[in-house]
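What's counted below: heavy atoms across the whole structure, side chains too, no hydrogens, waters or symmetry copies. All values derive from a computational prediction rather than experimental measurement. Throughout, a chain's letter reflects where its sequence line sits, starting with A, and its residues are numbered from 1.
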Amino acid sequence: MAEPVTIRLTNSRTRKKEVFEPLDPANVRLYLCGPTVYDRAHLGNARPVIVFDVLQRLLRHVYGENSVTYVRNFTDVDDKINAEARRRREAGAEGTLKELIRERTAETIRWYHDDMDALGAARPDHEPRATDYIPQMQAMIADLIGKGHAYEAEGHVLFDVRSYPAYGQLSGRSVDDMIAGARVEVAPFKRDPMDFVLWKPSSDEEPGWDSPWGRGRPGWHIECSAMSDALLMKDPEHDKSFDIHGGGIDLMFPHHENEIAQSCCANPDGKFARVWLHNEMLQVEGKKMSKSLGNFFTVRDLLDQGIPGEVIRYVFLMTHYRNPMDWTAEKVREAKHTLTKWYRQSGLSTSTQPYQPVVDALVDDLNTHEALAQCHALSNGGDFPALRGSLTFLGLMGDAIPGWARVPGFSDAETGVVRDILWQRSRARERQDYATADRLRDGLKKAGVIVRDVADGEPEFEKTPEFDVNVLDQVQADQ
RNA sequence: GGUGGGUUGGCGGAGAGGUUACGCACCGGAUUGCAAAUCCGUGAAGACCGGUUCGAUUCCGGUACCCACCUCCA
């Protein structure tokens, strides 16, 4: 039996780094709040996905491949989705609002999968959709009403925050402080300004389900309580608790606070999530990413610009998840440079065994930066099998070196032109006509082709982002 | 107003109360007809003010500045 590994995680609930002890080492259970599916995932959405992907890889490494249950939901009923569908209908899209919603959510889920796959994030074990768990949500709401934690008012069902004394504990706020600082208008039917919606009425054209409180739809928070209950807390032995719940730190309040209130009131004997993991936010060139600043972009935008998913992932891993992360062009350049080097070195091995210090780094509150530093050490030390195994472990490498790092992306015709120019250059060098040789080399450089002479054999060459086939043709024509 | 995070060398970014982080860039050298790549090496830090200590960038307190959240938000 191997030495038991001690994983430490910073638990937002206690604000301390704690030794992680699973409720059941044979089934470690994770829940990550997933996306509301109304549009492409922006770059910030990728952060918790990558953090949890690293976490689940680590847990599977420590507890066994099949000893982890990872759940990440899709929120497919939400006012933003309705608004997006209305916008499309007004723009001339065919179909009813409900049809447009169904199309949009299905399309967005496909995009989300494509984009997160590209970042090397493994699919969770379960990806429940909110609309598949309406009966469970209704049952939980009815239960909360029955226990005196929720009340009905004007077609809505509201959670009564005053009925749950621990409300605000996760985010370190008191109900009174929050009311004092509140800036929003409060619906008149709320008993307390902080009470939040569990169920709300739907118009005829909006998605809605029949319920004891009239036709309506769930509030945002109840889905996570209902789905984590259904998928992670079936086992009565473990007192209605599971191991780790996570998301962006902006979800801590109100979303996670409300989930705790709902779940702990519905299951007073359980602890709901024992460990809460929150990632800090993303910035772009030192500023918040926002549409108004013009620095807003999606994962797909970056992939379309030719930034490989592995490079994006590497940039995320450079920063510890609990620190604000700055996305910069400089980091992209550095990540690409480093990964290209590592991939070339890794090609010499097929190992899948990670270097123990890399594992040790992750064990300490997912210190991904330290893990990368250890990879640098392997690279510099020439331990390529351990490097390859570690890159695989970190999700930076699959079965093969990514195409972008391996093969220059030239078409056959372009390759022919480059080879022709290189042949002319080598002829010039043979006759010691270095002026011509240098002119050809500079011409290739100007066209965006980097040439590397090798000790024996054909020179290697690769494309840069500045590649211009017209300039290349000109260089050839000038001969 | 409330809550949380940050501030380290040119840039990015860690750990550790006393010993080189690391990467990128730069500089010097080797190698190369040139270029690229590679290798060797040097230098450079800890926002500010106090406190604890033999000794703090690392612990404690305060100040300043930046960011986020408190309203849908990863």
Side-chain angles (χ1 to χ4, degrees), chain A residues 12 15 32-36 38-39 41-52 72 75 78-81 83 168 170-174 176-186 194 196 220 246-257 277-283 286-290 314-315 317-326 328 330-338 340-342 344 361 364 367-377 379-380 425 428-429 432-435 437-442 444-445 449-455 459-462 464:
Chain A
S12 306
R15 288 155 207 263
L32 175 66
C33 288
T36 300
Y38 69 106
D39 202 357
H42 67 248
L43 190 61
N45 295 125
R47 197 167 186 197
V49 173
I50 291 172
V51 170
F52 260 63
R72 183 181 66 207
T75 300
D78 182 272
D79 289 349
K80 274 182 295 195
I81 299 172
L170 176 71
S171 52
R173 301 150 202 256
S174 77
D176 292 326
D177 285 349
M178 286 186 280
I179 292 168
R183 299 184 207 158
V184 282
E185 209 174 315
V186 177
M194 298 313 296
F196 57 91
W220 173 37
I249 197 163
D250 54 337
L251 290 184
M252 197 150 116
F253 186 89
H255 184 57
H256 290 330
E257 200 73 71
L277 230 52
H278 289 104
N279 59 275
E280 254 293 341
M281 309 307 282
L282 176 93
Q283 294 175 27
K287 296 195 176 68
K288 180 186 177 174
M289 183 166 76
S290 73
Y314 184 103
V315 171
L317 297 185
M318 282 171 80
T319 305
H320 186 92
Y321 74 95
R322 297 186 63 245
N323 286 150
M325 187 198 115
D326 198 12
T328 64
E330 181 58 24
K331 284 185 180 175
V332 171
R333 195 196 60 74
E334 189 178 325
K336 194 165 188 175
H337 178 91
T338 302
T340 303
K341 178 171 127 187
W342 286 356
R344 287 184 180 147
D364 181 17
N367 191 342
T368 50
H369 191 94
E370 172 64 20
L372 293 179
Q374 292 297 337
C375 289
H376 278 296
S379 169
N380 295 333
R425 173 168 169 258
R429 291 167 77 187
Q432 301 201 334
D433 178 3
Y434 294 125
D438 290 355
R439 188 160 44 72
L440 288 164
R441 188 201 68 226
D442 293 342
L444 285 168
K445 189 176 180 185
V449 179
I450 298 284
V451 178
R452 273 188 301 276
D453 291 332
V454 294
E460 293 176 2
F461 51 93
E462 67 182 83
T464 70

Side chain proximity check, A:C33 to A:R72, heavy atoms < 4.5 angstrom: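 A side-chain contact under 4.5 Å is absent here.
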Side chain to side chain, A:L372 and A:M318, heavy atoms closer than 4.5 Å: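 In contact.
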Applying the Watson-Crick and G-U wobble criteria at under 3.5 Å, what pairs with [N]? Answer none if nothing qualifies.
N	answer
B:A68	B:U3
B:A47	B:U63
B:G17	none

Modelled atom types, side-chain donor and acceptor of A:N45 and A:H42, under 3.5 Å: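 Short answer, yes.
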Could you give the distance separating [M] and [N] at their [atom1] atoms, to the nearest angstrom?
N	M	atom1	answer
B:G13	B:C67	P	16 Å
B:G6	B:A14	P	10 Å
B:G15	B:A25	P	24 Å
B:A44	B:G9	P	14 Å
B:A64	B:C26	C1'	32 Å

Please report the distance, rounded to the nearest Å, between [atom1] in [X] and [atom2] in [N].
X	N	atom1	atom2	result
A:H320	B:U7	NE2	C1'	17 Å
A:F196	B:C72	CZ	P	12 Å
A:H376	B:G15	NE2	P	16 Å
A:N380	B:G23	CG	C1'	9 Å

Presence of A:K341 side-chain N/O under 4.0 Å of B:G23 phosphate oxygens OP1/OP2: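 Indeed not, no polar side-chain atom of A:K341 lies that close.
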Below 4.0 Å: OP1/OP2 of B:G13 and any side-chain N or O of A:N367: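 No, A:N367 has no side-chain N/O under 4.0 Å of OP1/OP2 on B:G13.
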Expected output: side-chain A:K80 to main-chain A:D39 donor-acceptor under 3.5 Å: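 Side chain of A:K80 to backbone of A:D39, a donor-acceptor pair under 3.5 Å: no, none is there.
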Rounded distance (nearest 0.5 Å) linking atom CG of A:D438 with atom NZ of A:K445: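 A:D438 CG to A:K445 NZ: 11.5 Å, rounded to 0.5 Å.
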